[in-house]
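Following: one structure in structure tokens, then a few remarks.
So you know, we letter chains A, B, ... as the sequences are listed, proteins then strands, and number each from 1.
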Number of protein chains: 2
Amino acid sequence: MESIEHLLERVRERVPRLTKGKKAVVEILFAAEHSMTAQEIYSSWEERKHDQSELPHLQDIDLVTIYRNLEQLEKLGIVCKMEHSHGSWRYCLTGTHTERHHSHTISCVSCGKQLAIGACVLSEVDKIIAERTGFQNIHHVVQFTGACPECTV
Amino acid sequence: MESIEHLLERVRERVPRLTKGKKAVVEILFAAEHSMTAQEIYSSWEERKHDQSELPHLQDIDLVTIYRNLEQLEKLGIVCKMEHSHGSWRYCLTGTHTERHHSHTISCVSCGKQLAIGACVLSEVDKIIAERTGFQNIHHVVQFTGACPECTV
DNA sequence: TTTCTTATTGCAAAATATTTGCAGTAAGCT
DNA sequence: AGCTTACTGCAAATATTTTGCAATAAGAAA
Ligand SMILES: [Mn+2]
Ligand SMILES: [Mn+2]
Ligand SMILES: [Zn+2]
Ligand SMILES: [Zn+2]
């Protein structure tokens with residue numbers, strides 16, 4: 001697995017200025033097990049700041065900055081906007097285990113219950129679309145919905 | 001193709017009360033070529049009202065009512081929430097050409113350009129998931145994103 | 001190091017999309 | 001016609017994301 005140092009180096013090469021905000025976003029997503037929302041990344045930074053364990057004192061980062069950095073990193077193909085669940089988007093680092101092994105879910109339109117439906121089978125489709133359209137850094141968002149057994153009368 | 005009268009009859013059987021709002025939503029989606037947002041359904045009704053062609057005078061329907069009716073009709077499996085594009089959800093009648101032959105798109109994360117990538121190939125997956133999970137009335141939302149040729153330097 | 005340019009930031013506010021509370025209305029049953 | 005309560009309109013809340021703008025700071029140049 002790529003080291004955080006190497007990853008940040010790659011980011012530094014592609015981005016006009018490597019700022020604390022960009023570093024924070026990348027580091028937090030790097031440490032994450034799953035995809036995160038902008039708000040979750042923000043909260044994660046707040047916690048880390050609150051834990052004081054790191055010196056020198058960590059600066060504040062606005063939620064707006066998180067959004068702007070995620071957008072820029074997405075355009076550079078470093079971050080990908082993956083799933084739109086419960087009203088907000090989720091992000092992760094491209095090319096990572098999190099991206100590749102995301103498992104889609106199905107949610108009940110009635111009670112909201114969520115069920116994982118196993119690992120993604122569309123990564124191959126991403127490649128086919130790349131060939132057909134010429135697009136690069138392709139990702140996808142898939143969400144299944146239906147009525148769960150309890151909600152089906 | 002099912003007639004609007006028959007469709008409304010089916011809706012009447014499933015719904016506690018068939019109101020003007022529910023009728024409006026169903027009729028508008030029935031006449032639609034493509035999936036629509038709640039706002040588009042609302043605007044469509046406003047236009048139809050403005051055209052005065054229909055007598056007696058058509059009543060106002062609030063956008064909130066459209067949302068509430070769409071939610072109820074979705075839970076009954078009559079309407080399906082299909083795609084989340086440009087910030088809002090799109091709806092259509094289940095079992096229609098619009099649902100079956102929706103074509104997914106890929107959008108450029110940089111310039112926003114959209115490209116259709118052909119008819120959906122996931123309807124079969126819906127069925128497999130139904131068998132595995134016991135869910136019914138399954139639908140899916142798929143959105144591919146990437147960088148289009150012009151935005152790839 | 002200091003200076004310079006301008007990408008980036010924080011804060012406030014706007015823009016969207018969707019949901020909720022509530023009092024009044026009306027669909028459909030008796 | 002009367003009754004019940006599902007449904008509606010309106011206003012307001014919520015939630016998410018975007019935008020404007022003046023202040024700040026990253027990184028190149030001097
Ligand atoms: Mn997938
Ligand atoms: Mn599809
Ligand atoms: Zn359920
Ligand atoms: Zn593009």
Euclidean distance, atom [atom1] of residue [X] to atom [atom2] of [N] [Å, nearest integer]:
X	N	atom1	atom2	result
A:E40	D:dT16	CD	P	10 Å
A:L70	D:dT18	CG	P	10 Å
B:E13	C:dG28	CD	C1'	15 Å
A:Y67	D:dT16	OH	C1'	5 Å
A:I41	D:dT16	CD1	C1'	14 Å
A:R14	C:dA7	CZ	C1'	19 Å
B:L18	D:dA6	CG	C1'	13 Å
B:R90	C:dT18	CZ	P	11 Å

Quiz item: Taking the nucleotide of DNA chain C with the closest heavy atom to each, which residue, B:P16 or B:L63, is nearer the 5' end?
Solution: B:L63
Self-check item: Which residue lies more 5' along DNA chain C, comparing B:K81 with A:G21 via nearest heavy atoms
Solution: A:G21
Exercise. Inspect the contact between A:R12 and A:E9 and indicate whether a charged nitrogen and a carboxylate oxygen are less than 4.0 angstrom apart.
Key: yes
Quiz prompt | A:K49/A:E46 salt bridge by N-O under 4.0 Å criterion | solution = yes
Look at the side chain of [X] and decide which nucleotide, out of [options], has an atom nearest to it.
X	options	answer
A:Q72	D:dT17, C:dA26, C:dT8	C:dT8
A:D62	C:dA26, C:dC11, C:dT9	C:dC11
A:R17	D:dA25, C:dT18, D:dG9	D:dA25
B:S88	D:dC21, D:dT17, C:dT18	C:dT18
B:Q59	C:dT18, C:dC11, C:dA26	C:dA26

Can you tell me if the side-chain N/O atoms of [X] get under 4.0 Å from OP1 or OP2 in [N]?
X	N	answer
B:W89	C:dT18	yes
B:T19	C:dA27	no
A:K20	C:dT9	no

Exercise. Report yes if a donor N or O on one partner sits less than 3.5 Å from an acceptor N or O on the other, where the partners are the side chain of A:R68 and the base of C:dG10; otherwise report no.
Key: yes
Quiz prompt | Distance-only polar pair, side chains of B:E47 and B:S43, donor-acceptor under 3.5 Å | solution = no
Practice problem: May I ask you to test the A:V79-A:L93 pair for a side-chain heavy-atom distance under 4.5 Å? | Solution: yes
Quiz item: Mind checking whether A:L76 and A:L29 sit in one hydrophobic cluster, side chains of I, L, V, M, F, W, Y counted as touching below 4.5 Å?
Solution: yes
